[in-house]
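Everything on this sheet refers to the single structure shown next.
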Amino acid sequence: MRSENSALLSVRGLSVHHGQLRAVADLDLDVAPGETVAVIGANGAGKSTLLSALAGTLRPSAGTIHYDGRDITRLPAHRRVTDGICLVPEGRRLFPSLTVEENLQTGAYRRRPGPWTVDAVMELFPWMRERRDQGAAQLSGGEQQAVAIGRALVGNPRLLLLDEVSLGLAPTVVQRIYGLLPRILGQGTSVLLVEQDVSQALKVADRVHCLLEGRVALSGRPADLTAAQVEQAYFGLARSPGGAR
């Protein structure tokens, strides 16, 4: 486990509730600079709740979140964006009445200085340039996901939170999107991604955490984890009361 001094993001003892339901329970997690960390798990495991708490749209009921050595546990979401934490939410949540370019420009509202601009995103996704004036509602699911990622990149994140990028997309589209991760990481961005597609997550991540009922049931580097271990943690087939790590 990395120390808080070396980690870009350090989460300790995090719990998050939805009313009386505890969706995330006593969770520890680190993301180092330039690292890709994946969080996997079935529906209802607490993955999206975790990202919402890190982005500042949900308030934790316990625990701490340190980012770049500072306690941001109570920092509002807009301040986190300014500090370089940008979320690509599940379902994309584009503005359907706006064009491709206008949706990208919304990501610049609280942007940090850095290499990512609307033009740079259009170089990453070349099809956007000729369709910059097309309405977001007219795009395919994969194209909408690309715009959602581009909108986050325009903010020049140090930490990019990706929530279920592959959801509802064809495998070829998913591979194309994940194939761009090295270029994103090459600009100095760390990535924390949530995925139900376990095989895809294991391919791209430096480290992986499997959540079960809001707790970490398994952690490690993909090369060190067997398929049986991942399956057992994912479905809770061999779980200790505190969660095996």
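Keep in mind the model is a prediction, meaning the values are calculated, not measured.
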Can you find a heavy atom in the side chain of [X] that is under 4.5 Å from one in the side chain of [Y]?
X	Y	result
Thr189	Arg158	no
Val24	Ser15	no
Met122	Thr117	no
Gln145	Ser166	no

Side chain [X], main chain [Y], donor-acceptor under 3.5 Å:
X	Y	value
Gln144	Ala136	yes
Asn103	Thr99	yes
Thr49	Ala23	no
Arg207	Val37	no
Glu231	Ala228	no

Would a hydrophobic clustering, with Ile, Leu, Val, Met, Phe, Trp and Tyr connected at side-chain separations under 4.5 Å, put [X] with [Y]?
X	Y	value
Val81	Leu54	no
Phe95	Phe125	no
Met128	Val118	yes
Leu75	Val31	yes
Leu98	Trp127	no

Non-neighbouring partners of [X] that pass salt bridge (charged side-chain N to carboxylate O under 4.0 Å, His left out), sequence neighbours left out:
X	result
Arg129	Asp119
Arg176	none
Arg70	Asp83

Testing the basics here: between [X] and [Y], what is the closest heavy-atom pair and its distance to 0.1 Å?
X	Y	answer
Pro115	Ala120	O-CB, 3.7 Å
Ile72	Tyr67	CD1-CB, 3.5 Å
Gln20	His17	O-CD2, 4.0 Å
Lys47	Asn43	NZ-N, 4.3 Å
Leu27	Gly214	CD1-O, 4.4 Å
Arg151	Thr106	CD-OG1, 3.3 Å

Quiz item: When you check the gap from the basic side-chain N to the acidic O, do Arg132 and Glu102 get nearer than 4.0 Å?
Solution: no

Quiz item: Other than Leu21, what residues sit in its cluster of Ile, Leu, Val, Met, Phe, Trp and Tyr side chains whose heavy atoms are under 4.5 Å apart, directly or through others?
Solution: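 Once heavy-atom contacts under 4.5 Å are chained together, Leu21 still belongs with nothing else.
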
Verify whether one side chain among [X] and [Y] offers a donor that lies under 3.5 Å from an acceptor in the other.
X	Y	result
Ser10	Asp30	yes
Ser48	Asp163	yes
Thr172	Gln175	no

Practice problem: Apply side-chain contact (heavy atoms from CB on, under 4.5 Å) to the pair Leu192 and Leu29, showing each step before the final yes or no. | Solution: CA-CA 10 Å; Leu192 177 60; Leu29 179 146; 4.3 Å; yes

Exercise. Would you check, one step at a time, whether the test salt bridge (charged side-chain N to carboxylate O under 4.0 Å, His left out) holds for Glu213 with Arg22?
Key: CA-CA 9 Å; Glu213 298 177 358; Arg22 186 165 66 171; over 6 Å; no

Exercise. Not counting sequence neighbours, list each pair that qualifies as a salt bridge (charged side-chain N to carboxylate O under 4.0 Å, His left out) and has a residue in residues 181-196.
Key: none

Practice problem: May I have the step-by-step check of salt bridge (charged side-chain N to carboxylate O under 4.0 Å, His left out) for Asp206 and Arg221, ending in yes or no? | Solution: CA-CA 6 Å; Asp206 298 304; Arg221 296 189 177 277; 5.3 Å; no

Exercise. Using the side-chain contact (heavy atoms from CB on, under 4.5 Å) rule, take Asp28 and Val11 through it: C-alpha gap first, then chi angles, then the decisive distance, then the call.
Key: CA-CA 5 Å; Asp28 293 347; Val11 179; 5.9 Å; no

Practice problem: Measure the spacing between OG of Ser219 and NE2 of His209 and express it to the nearest 0.5 Å. | Solution: 4.5 Å

Practice problem: Assess whether salt bridge (charged side-chain N to carboxylate O under 4.0 Å, His left out) is satisfied between Arg12 and Asp26, documenting all intermediate values. | Solution: CA-CA 7 Å; Arg12 292 293 178 271; Asp26 195 27; over 6 Å; no

Quiz prompt | Partner residues of Ala108 under the side chain to side chain contact (heavy atoms under 4.5 Å, CB included) criterion, sequence neighbours left out | solution =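 Partners of Ala108 by the side chain to side chain contact (heavy atoms under 4.5 Å, CB included) criterion, ordered by chain and then number, come out as Arg111, Val154.
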
